[in-house]
Structures are given as C-alpha cells and as structure tokens.
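Reading through the structure tokens given below for one structure.
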There are 2 protein chains.
Amino acid sequence: MQKQETLSKNQKIILDLIEKSDQPLKAYSILFDVKKKGINAPLQVYRALNKLVKIGKIHKIESRNAFIACKNSKCQIAKATVFSICESCEDVTEIHDHKLSEHLRDFKDNKGMKYTKYNLEFFGLCKKCI
Amino acid sequence: MQKQETLSKNQKIILDLIEKSDQPLKAYSILFDVKKKGINAPLQVYRALNKLVKIGKIHKIESRNAFIACKNSKCQIAKATVFSICESCEDVTEIHDHKLSEHLRDFKDNKGMKYTKYNLEFFGLCKKCI
DNA sequence: TTAAATATGTTATATTATTACACAGCGTTA
DNA sequence: TAACGCTGTGTAATAATATAACATATTTAA
C-alpha cells in the first residue's frame, strides 16, 4: 500500500492513466496523453514505466510492446505474469490460475538454472472473435 | 522436411546464419552479416525472419527482440515455445519439458478463449552466473 | 549536514520495424 | 497462352520503440 504513496509525480500521472485503461497502452500513446500534464519527452515516460514495472504496478506485454495495469493487489513484484491475448481484437487479460502458477513456480530445468521470474503469453481468439 | 527445400534464397541465407549461432541474433546484426551476400535492406531481413518464424524454423525471443533457431525437428510450427534466459550473460535455451508442455497445452481459462499458441520465458541466473 | 539514492528535464540519437511502390517467377486455370 | 493469384525480391523512405549523455533537483538515510 505505501508503495503507491511513495510514487513520484510522473510515476503517478502515468500509473493513473494506465489504470484507467483496461487494455495495454503503448509508450508513445501514453506520451501523447500526458503532454498536457507537462511530460514532454519519451524518456520521462520510459523512466516511469520502468519503475512501475519494477514494483509490479504494471506489466509489459512483451509481444506487443505495451503496458497494462496489474489488477492483483497481491502482485507487488512483477515476477510471475500470465496473459491471454486475442490476435483478432488484441484484447489482453491477465490470468491468475492457481494450478498453472504452481506448475510454473515449481518448474525446474535440467541445467541448474535459478529462476526469479517468468512471463507467459497465450495467443488465440477470444469469445467474441471466434 | 520439404519445407526446408522450398525456402527462398534470402530465407536460406538467413536461416543458415541463425542456425550457426547457438544464441539469439538481432535483426540488424543479421543484416550486417548478410550484406556480403547481397542482402542490403532491413525489410529483406524482416521478411525472411517473419516467414521463418511462421514455419517454425526459428523463434522470436520477445523480451529480447532476437531470433533463435529451433533445434526441435518436430517443431514445424511455432505454436508452443518455452525459453530460459539468463539475465546476467543473456544465454538463451529452448526448453522442451513434456510435463510442462502438457499443462500449458491443457490450460483453459474461464473466458471461453480458444488458444492456438503460447510463449513462455523464464528469467534468472544460469549455473555459471549464480 | 553531508552523502547516496532517486527523480526530473532536455537534447540527441540508437534500435527495431513497417509502408509504399515496382517488378519477377511460378503454378493454376480458363 | 494469357490472365490471375501467390510469393518473393529490391529499394527508398519513414514510423515506432527505446536509450545515452548531461545537468540539476529532491528525498532519504547515516
């Protein structure tokens, strides 16, 4: 909870914007929208985005280069993310599936690698687009 | 098998290069390397890459914007990919884990979405970098 | 109260990817 | 065989995504 309160001015502006959207936003579309709030340069946006990703307030949809708010209040750290993406309407939903999370969390390869994070993206067609 | 033989000139040149590397290559580094073979423009590279991804000969590492050859002869279609990525040395390995694949293949959300594809990337530290 | 860490603002530039246009080769089919 | 669709090539221009470098301010903690 206190994480939210210690966000800086730019971070708050950008998180607000992303939280108002239920779909992922792209960096330059964010930039366009926050110009009226005095944020003028891409770097200002990317700095805020990077921080927000780091603290788990938002996630990056890697295959789309876009950023979506995390609705899971428990998810303070962006270390385990699962998304479904409709390839027709581009609707993106974050998935919280206990069983799946367990499998992913418990996964061990045979190379002795130590995992700290994962990102899973499912692609297909949503109900509306089938 | 016959897919390989029907690749075009540019597609072959670029697949050869990627297959010689055990690590992912970036589009513009590929472009640099194939200039001596007469491929001069980014678009020529991206067109070949897109085709090779589509037929499953290579995969895109989304979090790195890089392309790696698929070593799995069965994997003709890029529809189910799992990678481990070392965040220190950037070593990337494709993972084939039967049990994990099963769980991912069988996953159903509660939204009636029809999945055709997924991509999973694990991040952490490899044995050498721990 | 100084140092370290974090954030800001700005300019320029690097990196990644696509649009648009002209044309070539190949197999189908009418 | 000619017309067509499909896939691929080549080239130029440009769009979209992201970072480097520098100067300065603010907050935090010792």
Side-chain angles (χ1 to χ4, degrees), chain A residues 2-18 23-68 77-78 87 90 92 119 121, chain B residues 2-18 23-68 78 85 87 90 92 119 121:
Chain A
Q2 72 234 88
K3 290 271 182 195
Q4 168 78 316
E5 284 151 76
T6 65
L7 290 180
S8 75
K9 178 179 131 271
N10 289 359
Q11 289 157 12
K12 266 181 218 140
I13 291 170
I14 286 171
L15 178 58
D16 275 1
L17 183 68
I18 297 175
Q23 286 302 300
L25 299 179
K26 306 210 140 210
Y28 276 74
S29 118
I30 293 169
L31 175 57
F32 179 87
D33 286 344
V34 297
K35 277 205 162 144
K36 46 184 166 297
K37 304 237 177 185
I39 294 176
N40 300 301
L43 190 48
Q44 295 177 286
V45 173
Y46 280 104
R47 284 196 284 224
L49 289 173
N50 290 341
K51 179 65 187 290
L52 293 168
V53 165
K54 208 154 133 191
I55 63 175
K57 287 292 180 188
I58 65 173
H59 303 302
K60 181 172 186 180
I61 311 299
E62 292 288 356
S63 66
R64 299 299 187 259
N65 300 316
F67 300 84
I68 194 168
I77 308 278
E87 291 190 295
E90 289 293 321
V92 173
N119 178 56
E121 297 179 8
Chain B
Q2 70 236 87
K3 290 272 182 192
Q4 167 79 315
E5 284 150 76
T6 65
L7 291 180
S8 75
K9 178 179 133 273
N10 288 2
Q11 289 158 11
K12 267 182 215 140
I13 291 171
I14 285 171
L15 178 58
D16 274 1
L17 183 69
I18 297 175
Q23 286 302 302
L25 298 179
K26 306 210 139 208
Y28 277 73
S29 119
I30 291 169
L31 175 58
F32 180 87
D33 285 345
V34 298
K35 279 207 161 141
K36 46 183 168 296
K37 305 236 176 184
I39 295 176
N40 298 301
L43 188 49
Q44 294 176 289
V45 173
Y46 280 104
R47 283 197 283 224
L49 289 173
N50 290 341
K51 180 63 187 288
L52 293 169
V53 165
K54 206 153 134 189
I55 64 175
K57 287 293 181 185
I58 65 174
H59 302 302
K60 181 171 188 182
I61 311 299
E62 291 288 356
S63 66
R64 299 299 186 260
N65 300 314
F67 300 84
I68 193 167
I85 302 170
E87 291 190 294
E90 289 294 322
V92 173
N119 178 56
E121 298 180 7

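Throughout, protein chains are lettered first and strands after them, A, B, ... in sequence-line order, and every chain is numbered starting at 1.
- Residue N40(B) has no polar side-chain atom (N or O) positioned under 4.0 Å from OP1 or OP2 of dT9(D).
- Atom CD in E62(B) sits about 20 Å away from atom P in dT15(C), given to the nearest Å.
- Following rounding to the nearest Å, K51(B) (NZ) and dT9(D) (P) show an atom-to-atom distance of 9 Å.
- Between F32(B) atom CZ and dT16(C) atom P the separation is 15 Å, expressed in whole Å.
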Pairs under 3.5 angstrom, nitrogen or oxygen only, protein versus nucleotides 13-22 of chain D, please.
residue, atom, partner, partner atom, Å
dT17(D), OP1, K26(A), NZ, 2.5
dA18(D), OP1, K60(A), NZ, 2.7
dA18(D), OP1, N65(A), OD1, 3.4
dA18(D), OP2, Y46(A), OH, 3.1
dA18(D), N7, Y28(A), OH, 2.8
dA18(D), N6, Y28(A), OH, 3.1

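- Residues I85(B) and S63(B) are in side-chain contact: their nearest non-hydrogen atoms beyond the backbone lie under 4.5 Å apart.
- Between K9(B) and dG10(D) there is a side-chain N or O to OP1 or OP2 distance below 4.0 Å.
- Regarding K12(A), its NZ atom lies at a distance of 14 Å from the C1' atom of dT6(C), rounded to whole Å.
- Listed by chain and number, the residues in a side-chain hydrogen bond (donor to acceptor under 3.5 Å, both in side chains) with S8(A) are Q11(A) (sequence neighbours excluded).
- At whole-Å resolution of the value, CG in N10(B) and P in dA24(C) are 17 Å apart.
- Side-chain contact check for L7(B) versus I55(B): some heavy-atom pair is nearer than 4.5 Å.
- For the pair K60(A) and I68(A), the minimum side-chain heavy-atom distance is 4.5 Å or more.
- Considering all non-hydrogen atoms of both residues, F67(B) and L49(B) come closest at CE1-CD1, 3.6 Å.
- Look at CG on L49(B): it is 9 Å from P on dA17(C), rounded to the nearest Å.
- Among all heavy-atom pairs drawn from Q44(A) and N40(A), the shortest one is OE1-N, 2.9 Å.
- I61(B) places its CD1 atom 14 Å from the P atom of dT16(C), with the value rounded to the nearest Å.
- Under 4.0 angstrom from either OP1 or OP2 of dG9(C) there lies at least one side-chain N or O belonging to Q44(A).
- No side-chain donor-acceptor contact under 3.5 Å links K37(B) to the backbone of N10(B).
- For dT7(D), the OP1/OP2 oxygens have no side-chain nitrogen or oxygen of S8(B) closer than 4.0 Å.
- The nearest whole Å value for the distance from the CG atom in L31(B) to the P atom in dA17(C) is 13 Å.
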